[in-house]
There are 2 protein chains.
Amino acid sequence: MRKRVNALAEQLLETLEQQGYRSTSPRRAVAQVIANQDKHFTAENLREQLPSLGRATIFRSLKLFVETGVLCRVLLEDGDLHYQLSHRGHHHHLLCVECGSSQDLLGCDIEELLQQTSASHGFELSGHWLEVYGRCRSCSKSESSAELAAV
Amino acid sequence: MRKRVNALAEQLLETLEQQGYRSTSPRRAVAQVIANQDKHFTAENLREQLPSLGRATIFRSLKLFVETGVLCRVLLEDGDLHYQLSHRGHHHHLLCVECGSSQDLLGCDIEELLQQTSASHGFELSGHWLEVYGRCRSCSKSESSAELAAV
DNA sequence: ATCATAAAAGATACCTGGTCTCATTAAGAG
DNA sequence: CTCTTAATGAGACCAGGTATCTTTTATGAT
């Protein structure tokens, strides 16, 4: 398990290196921490876990990891933007509002639908942002148990 | 034209009053200004136009106008959140990345599609956020003219 | 018309996200 | 091992946004 995590961190760094960025000790530290996150997080969360790093460095690393496709940004229901590990390429998230976990939404024909709809509004589509909120399988299960218990 | 604008501002205030909020002079000023905006705007934009109002008051008014359904928040492509006049109820925006104008996206069966897709991921859907980016009719026209001219 | 009271405003401090500059340090190519 | 360039850290700065506290003001009751 620990080995797994370190492997992931190394993988993240490799991604940077492959794109011509240096592997520095702050970046190694950041990679280590984000590889350990199981849900979306903020710059501040990172800072708490890496108090020795400069503020600017945190933000620069985040930006870099987003640019290189290691991280993506997720929009929370209240409008806050958080970061999370990204499984490359364009995708959407099913965000659990209960536990903060997220699943990727794949094989969704929303692109096509949007294309049609925009065109019918005289709109030349160039991009979109979609986030989906709800309860993941395990949270909706415990939710129902709680309801039963309350009766 | 001027009369129209004032009428809209009054309408916004009425919405507040109907929901039990007082009609104060700062709120009248804010209503006046937002009734005049033709695209999305930030708190800072508002502050520039209303330098005599306290900062907190600006934010409080914005929040209030959002809560009462007068304003809605729009997510820009870069993650910035702006405000714009809302035509009540749940809807999405077609945001022109060129001129900043926006159209409402109506009669889109995305809800249904999302419902199905989430269910197939064991996800109990509770909400979503969608923004669509592109070029509005008039901007894509002038874009093509520019291209032609450049040749 | 006045008055009480609750709501709202303004000032201010604070927190977070995020960028910029500038001087110093360190990665890694040769 | 050295040189160059990228990256860091400190710090100032700006915007969004909230909390607290004191003063003002809108409105309902008299």
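In what follows, every chain begins at residue 1, and chains take the letters A, B, ... in the order their sequences are listed. Heavy atoms only: backbone and side chains are in, while hydrogens, waters and symmetry mates are out.
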Is there a side-chain polar atom (N or O) of A:Lys63 under 4.0 Å from OP1 or OP2 of C:dT19?
-> yes
So how far off straight is the helix from C:dA1-D:dT30 to C:dG30-D:dC1, going by the axes through five pairs at either end, to 10°?
-> 30°
Hey, any chance A:Leu75 and B:Leu105 share a hydrophobic cluster, counting ILVMFWY side chains that come within less than 4.5 Å of each other, even indirectly?
-> no
Phosphate OP1/OP2 of D:dA26: any B:Ser23 side-chain N/O under 4.0 Å = no
Kindly point out which of C:dA8, C:dT19, C:dG17 is positioned nearest to the side chain of B:Thr24?
-> C:dA8
Residues from residues 65-83 of chain B sitting under 4.0 Å of DNA chain C, heavy atoms only?
-> none
Report yes or no: does B:Arg135 contribute a side-chain atom to a donor-acceptor pair with the main-chain N or O of A:Ser126 at less than 3.5 Å?
-> no
Side chain of A:Arg55, base of D:dG9: donor and acceptor closer than 3.5 Å?
-> no
B:Thr57 side chain N/O closer than 4.0 Å to the phosphate oxygens (OP1, OP2) of C:dA8?
-> no
For the rings on B:His93 and B:His87, is their centre-to-centre separation under 6.0 Å?
-> no
Taking for B:Asn45 and for B:Arg28 the nucleotide of DNA chain D with the nearest heavy atom, the one nearer the 5' end belongs to B:Asn45
Under 3.5 Å, side chain of B:Arg27 to main-chain N/O of B:Leu13, donor-acceptor pair present?
-> no
Check whether the side chain of A:Arg60 and the base of D:dG9 form a donor-acceptor pair under 3.5 Å.
-> yes
So what does A:Ala56 hit on the nucleic acid, given a heavy-atom distance under 4.0 Å: a base, only sugar-phosphate, or nothing?
-> base
Taking the side chain of B:Leu53 as heavy atoms from C-beta outward, which of D:dA7, C:dA9, C:dG10 is closest to it?
-> C:dG10
Determine the contact category for B:Arg27: base if any of its heavy atoms lies under 4.0 Å from a base atom, sugar-phosphate if only primed atoms, P, OP1 or OP2 are that close, otherwise nothing.
-> sugar-phosphate
Heavy-atom closest pair, residues A:Tyr133 and B:Phe123 | C-CE2, 3.7 Å
